[in-house]
Q: 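Below you'll find the structure I mean.
These numbers come from a predicted model, not from an experiment. All ligand and atom numbering here is 1-based and tracks the order in the structure. Sequence positions, counted from 1, serve as the residue numbers for this chain.
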Amino acid sequence: MRTLDDLDVDGKRVLVRVDFNVPLDGARTITDDTRIQAALPTLTELRERGAAQLVLLAHLGRPKGVDPALSLAPVAARLGELLGEDVALAPDPESVGDGAVSMVENVRFFDGETKNDPALAQRYAALADVYVDDAFGAAHRAHSSNEAVARLLPSAAGRLLQREVETLRGIIAEPKRPLVAVVGGAKVTDKIGVIDAFLEIADTILVGGAMCFPFFKAQGHEVGASLCEEEGVAPAERALLDSGGKLHLPQDLVIGQGFSADTEHRALDAVDVPDGWMGLDVGPRTAAAYAQEILNAGTVFWNGPMGAFELEPFAAGTRAVADAVAETAATTVVGGGDSAAALTQFGLADRVTHLSTGGGASLELLEGKALPGVEVLES
Ligand code: 3PG
Ligand code: MG
């Protein structure tokens, strides 16, 4: 993959695709600016190496056409604060001025962006002499701002994209063993690809979150009122058959009567969930066993919470995994999304080897799928 080491940027106008798809609250305030911070090394390096102008492209949410609620205005303002200078926001590529750092509005406001339209890519390319892609979180998409445009200018990966790809490929290629994968979250169908990949390369796979219920159902357990993805049962059953003893499921649960912090709840020293109850966290025996596997690992990959960690009575399982990931001497890599949010909530985000800024992108890379945004930088 071509990187910044292969690109001459001195005196050049540089178009930089970043993933600034950050969470916003109702007042359009950024609640977590990790992804903006993560692009700073690339932006700083480009400026130190004499880039004449930086023009940034980014998406926010999934608008269909122009949607003021998904304007990048709060993002441009936050970037300006972090860089210590004004970042102008242009409504379209043709309106970009000659400020040192500018952003174009949400690329998903423009027709053709998500169809990888080459005509739109031309409008982006006209802004610069060279192109840098640092948007790892969007690398599994083939869109005009990360794929088509990379074909039109001398192009290379920024430092974030480079580090993400090197770290995640390293887990597959030569992990320190044992390699332990901790996979949680709500849906088996979201994670079955990565479970299959880890059945090949990992030593142990620890499953948690609501996605354990399709596994339990496949084993003939009662799931009660638990969130249990029906389409997940068949793939779960198949993964269990293929697992060769690598796949570990919870041995106990914390159950509640509803999805709220003040619902009646109790520990259940089994996995058959009674009628009217739902499993909302792994139990204390499971949490301790999973923590021990993590502490004994050489490499840990973690994606997805063990339970409804945003509700205090059901946070202990995810907390135990997060603490063990922070404590262990293993190389630790955490996939984006909810596991990253959990680490941040527990104040442990700086205690991992690599916290990926990509959710879907990191999973697809580990599944062995080609990422269009990466492939185009290798061709
Ligand atoms: C993400 O937040 O997962 C990335 O920015 C990609 O966004 P998308 O799933 O809307 O393409
Ligand atoms: Mg996503």
Q: Please test Phe198 against Phe301 for ring-ring contact (aromatic ring centres under 6.0 Å, His included), starting from the C-alpha separation and ending with a verdict.
A: CA-CA 10 Å; Phe198 279 121; Phe301 174 77; 5.6 Å; yes

Q: Counting from 1, what ligand 1 atoms have a heavy atom of Arg62 closer than 4.0 Å?
A: 8 (P), 9 (O), 10 (O)

Q: Please state which option from Asp19, Val18, Thr114, Thr357 has its nearest heavy atom closest to atom 5 (O) of ligand 1.
A: Asp19

Q: Just to be sure I read this right, does ligand 1 sit under 4.0 Å from the backbone of His143, its side chain, both, or neither, counting only heavy atoms?
A: neither

Q: For Asp272, is the CG atom crowded, meaning more than 12 foreign heavy atoms sit under 6.0 Å from it?
A: yes

Q: Is any side-chain heavy atom of Trp302 closer than 4.5 Å to a side-chain heavy atom of Thr318?
A: yes

Q: Is it the case that over 12 heavy atoms from other parts of the model lie below 6.0 angstrom from the CD atom of Glu200?
A: no

Q: Taking only heavy atoms of Arg108, which atoms of ligand 1 are found under 4.0 Å from at least one of them?
A: 8 (P), 10 (O), 11 (O)

Q: Counting both backbone and side chain atoms, is some N or O of Arg35 under 3.5 Å from an N or O of ligand 1?
A: yes

Q: What atoms of ligand 1 come closer than 4.0 angstrom to any heavy atom of Arg141?
A: 8 (P), 9 (O), 11 (O)

Q: Around atom NZ of Lys187, are there more than 12 heavy atoms of other residues, nucleotides or ligands at under 6.0 Å?
A: no

Q: Does Asp25 CG have over 12 foreign heavy atoms under 6.0 Å away?
A: yes

Q: May I ask whether Gly137 places a heavy atom under 4.0 Å from ligand 1?
A: yes

Q: Should you measure from each heavy atom of Asn21, which atoms of ligand 1 turn up under 4.0 Å away?
A: 1 (C), 2 (O), 4 (C), 5 (O), 7 (O)

